[in-house]
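In each ligand, atom 1 is the first atom listed, and ligand 1 is the first ligand listed.
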Amino acid sequence: MSVRAKKHLGQHFLTNDNIAKKIADSLTDEGYNNILEIGPGMGVLTKYLLEKKSKIKVMEIDSESVYYLRDVFPIEHIKLDTSSEKFTIIEGDFLKQNLATLFSHSQTAIIGNFPYNISSQIVFKAIENRSLIPEFSGMFQKEVAMRIAEKKGSKIYGILSVLTQAFYNVEYLFTVPPDVFNPPPKVNSGVIRLTRKPNYSLPVNEGLFFRVVKTAFNQRRKMLRSSLKSFNLSVTLKEEPIFAMRPEQLSVQEFVDLTSKIANDGTGDH
Ligand code: SAH
């Protein structure tokens with residue numbers, strides 16, 4: 001296969017079939033009958049996904065890749081199912097999609113060897129649409145994968161960790177070195193799996209929770225009483241011990257508790 005990767009699209013094509021199969025196998029296939037692959041490129045993951053029982057949609061932004069995929073995976077060559085719905089190739093930008101429409105309101109797992117330049121945005125979009133996404137797995141830049149999976153008390157624990165883990169259990173599965181890609185990226189890659197929690201809504205105002213987490217980590221070295229100044233907290237509240245902590249010291253549950261305290265604070269101006 002000839003490859004002229006387009007850097008601005010984050011194109012690093014996986015060249016190792018064993019790893020591609022391992023990534024495809026990271027989906028448990030439980031609790032859904034639909035899978036969306038983001039950024040299939042030359043289809044190295046796609047061919048393993050097509051062996052699954054789920055219906056497969058792939059969304060690719062690069063028209064040359066789409067042309068290639070249509071050529072390699074003509075619908076009539078897909079043995080497993082005669083229905084044309086088994087496999088759909090869509091040309092488009094994942095970040096611009098309305099997922100409820102795209103998924104026809106059906107539970108859909110997401111997978112991909114993601115374009116690293118937009119991988120955090122992909123995760124945030126999945127979180128926003130979590131009621132439709134029971135499982136999400138794939139390859140990220142290793143540092144980002146670790147950040148998503150990280151627990152409190154670490155330098156890389158941050159907004160992405162807290163917001164993801166509020167709704168999903170995260171497992172770091174394995175690391176992939178640069179030399180199995182064409183062209184090789186400058187960094188290691190990591191594969192993770194997100195499994196939606198049975199209860200994926202919060203007992204507090206979610207908008208406020210998101211704002212508290214983001215605001216606290218925007219000044220991660222400061223104590224909460226100073227980084228959360230813009231919330232106009234009462235003096236009494238600010239004296240509570242939690243406000244002398246820094247954001248990386250708080251678990252997801254403690255962020256939920258903190259949000260609840262802020263929501264119930266007397267000044268009522270949040
Ligand atoms: N899955 C393939 C390609 C990975 S590279 C493999 O493992 O070899 C990332 C792919 O994502 C590229 O094909 C790139 O064109 C595509 N891509 C980049 N931005 C995208 C977007 N916003 N929406 C959909 N696909 C995108």
Side-chain angles (χ1 to χ4, degrees), residues 1-27 34-52 54 56-73 87-103 108-129 132-133 135-145 148 173-194:
M1 101 183 149
S2 84
V3 176
R4 272 178 298 128
K6 302 184 183 100
K7 274 238 159 94
H8 65 286
L9 295 179
Q11 290 185 336
H12 295 282
F13 299 108
L14 190 58
T15 57
N16 181 311
D17 276 338
N18 294 331
I19 296 176
K21 181 167 185 346
K22 252 175 98 176
I23 296 173
D25 286 347
S26 71
L27 288 179
N34 300 279
I35 297 173
L36 173 74
E37 183 190 1
I38 302 172
M42 313 287 227
V44 66
L45 285 179
T46 318
K47 61 177 185 266
Y48 295 109
L49 296 175
L50 287 168
E51 293 174 2
K52 294 175 178 279
S54 283
I56 310 296
K57 284 194 169 104
V58 300
M59 171 154 297
E60 172 57 63
I61 200 169
D62 177 23
S63 53
E64 272 182 75
S65 292
V66 170
Y67 185 82
Y68 176 90
L69 290 167
R70 294 210 167 115
D71 200 33
V72 196
F73 297 111
F87 185 50
T88 317
I89 301 171
I90 306 162
E91 182 172 346
D93 179 345
F94 172 73
L95 296 179
K96 295 196 176 139
Q97 305 304 312
N98 176 325
L99 297 193
T101 312
L102 180 66
F103 298 167
T108 301
I110 289 185
I111 192 165
N113 164 18
F114 300 117
Y116 294 169
N117 48 343
I118 58 164
S119 63
S120 304
Q121 292 171 69
I122 292 174
V123 175
F124 286 128
K125 185 160 174 123
I127 293 171
E128 276 171 31
N129 289 278
L132 291 165
I133 305 171
E135 198 168 72
F136 177 115
S137 77
M139 187 141 61
F140 295 79
Q141 181 177 336
K142 183 182 181 190
E143 210 235 279
V144 176
I148 295 170
L173 300 177
F174 55 92
T175 300
V176 180
D179 62 1
V180 297
F181 296 90
N182 185 2
K186 291 203 175 70
V187 290
N188 276 315
S189 300
V191 175
I192 55 174
R193 173 171 54 217
L194 275 50

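Taking every heavy atom of both residues into account, Ala24 and Ile111 meet most closely at CA-CD1, 3.9 Å.
For the side-chain contact (heavy atoms from CB on, under 4.5 Å) test, residues two or more places apart in sequence or in another chain that qualify with Pro178 are Pro184, Pro185, Asn188.
Considering only heavy atoms from C-beta on, Phe13 stays 4.5 Å or farther from Val44 through its side chain. The shortest distance between side-chain heavy atoms of Thr46 and Val72 does not fall below 4.5 Å.
Lys125 places no side-chain N or O within donor-acceptor distance of the main-chain N or O of Leu99, the cut-off being under 3.5 Å.
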For ligand 1, which of its N or O atoms have a protein N or O partner closer than 3.5 Å, and how long is each gap?
from: ligand 1; atom 1: 1 (N); to: Gly39; atom 2: O; distance (Å): 2.9
from: ligand 1; atom 1: 1 (N); to: Pro40; atom 2: O; distance (Å): 3.4
from: ligand 1; atom 1: 7 (O); to: Asn113; atom 2: ND2; distance (Å): 2.7
from: ligand 1; atom 1: 8 (O); to: Leu14; atom 2: N; distance (Å): 2.8
from: ligand 1; atom 1: 13 (O); to: Glu60; atom 2: OE1; distance (Å): 2.8
from: ligand 1; atom 1: 13 (O); to: Glu60; atom 2: OE2; distance (Å): 3.4
from: ligand 1; atom 1: 15 (O); to: Gln11; atom 2: NE2; distance (Å): 2.8
from: ligand 1; atom 1: 15 (O); to: Glu60; atom 2: OE2; distance (Å): 2.6
from: ligand 1; atom 1: 22 (N); to: Asp93; atom 2: OD1; distance (Å): 2.8
from: ligand 1; atom 1: 23 (N); to: Phe94; atom 2: N; distance (Å): 3.0
from: ligand 1; atom 1: 25 (N); to: Ile61; atom 2: N; distance (Å): 3.4

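The aromatic rings of Phe181 and His12 sit perpendicular, their planes meeting at an angle over 60°, well past the 30° parallel limit.
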